[in-house]
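Take a look at the structure set out below.
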Amino acid sequence: MTPDTAGPQPETEPGIATAEGGLVFLEGPDGVAATMTADAAARTGQNLIDAAAIAARQQASDED
């Protein structure tokens with residue numbers, strides 16, 4: 001077996017969110033799953049949007 005020297009790779013596929021019974025279910029690749037209240041899901045979503053904007057700026061800066 002060859003060791004993985006590159007470390008974990010970032011996911012390129014988005015998670016899928018659904019709502020049922022007043023809860024939000026988030027399913028991602030490789031069996032990742034989370035169940036959240038509507039409030040927790042909304043705050044998580046905003047945190048992801050904020051972090052994605054920062055990461056995009058960092059990536060653009062690295063390309064200059």
Side-chain angles (χ1 to χ4, degrees):
M1 177 187 258
T2 305
D4 182 8
T5 57
Q9 297 299 305
E11 186 54 57
T12 59
E13 295 297 317
I16 304 296
T18 58
E20 186 176 324
L23 296 173
V24 175
F25 299 90
L26 177 62
E27 295 182 39
D30 300 325
V32 172
T35 304
M36 297 177 232
T37 64
D39 181 60
R43 288 186 287 138
T44 298
Q46 188 60 57
N47 288 340
L48 285 166
I49 290 167
D50 294 346
I54 292 167
R57 287 193 302 271
Q58 291 169 341
Q59 188 176 36
S61 173
D62 289 345
E63 292 172 359
D64 290 338

Report the C-alpha distance between Gln46 and Asp50 in whole Å, list the side-chain angles of each, state the deciding distance to 0.1 Å, and finish with yes or no for side chain to side chain donor-acceptor pair (under 3.5 Å). CA-CA 6 Å; Gln46 188 60 57; Asp50 294 346; 2.8 Å; yes
CZ-CG distance between Arg57 and Asp62, expressed to the nearest 0.5 angstrom: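 Going from the CZ atom of Arg57 to the CG atom of Asp62 covers 13.0 Å.
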Can you tell me how far apart OG1 (Thr44) and CG (Asp39) are? Round to the nearest 0.5 Å.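 Spacing of OG1 (Thr44) from CG (Asp39) equals 9.0 Å.
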Using only atom types and a distance under 3.5 Å, with no angle test, would you say the side chain of Glu11 pairs donor to acceptor with the backbone of Gln9?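 No, because the side chain of Glu11 does not come within donor-acceptor range (under 3.5 Å) of the backbone of Gln9.
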Looking at Thr37 and Leu23, what are the two nearest heavy atoms and their distance?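 Heavy-atom minimum between the residues: CA-CD2, 4.3 Å.
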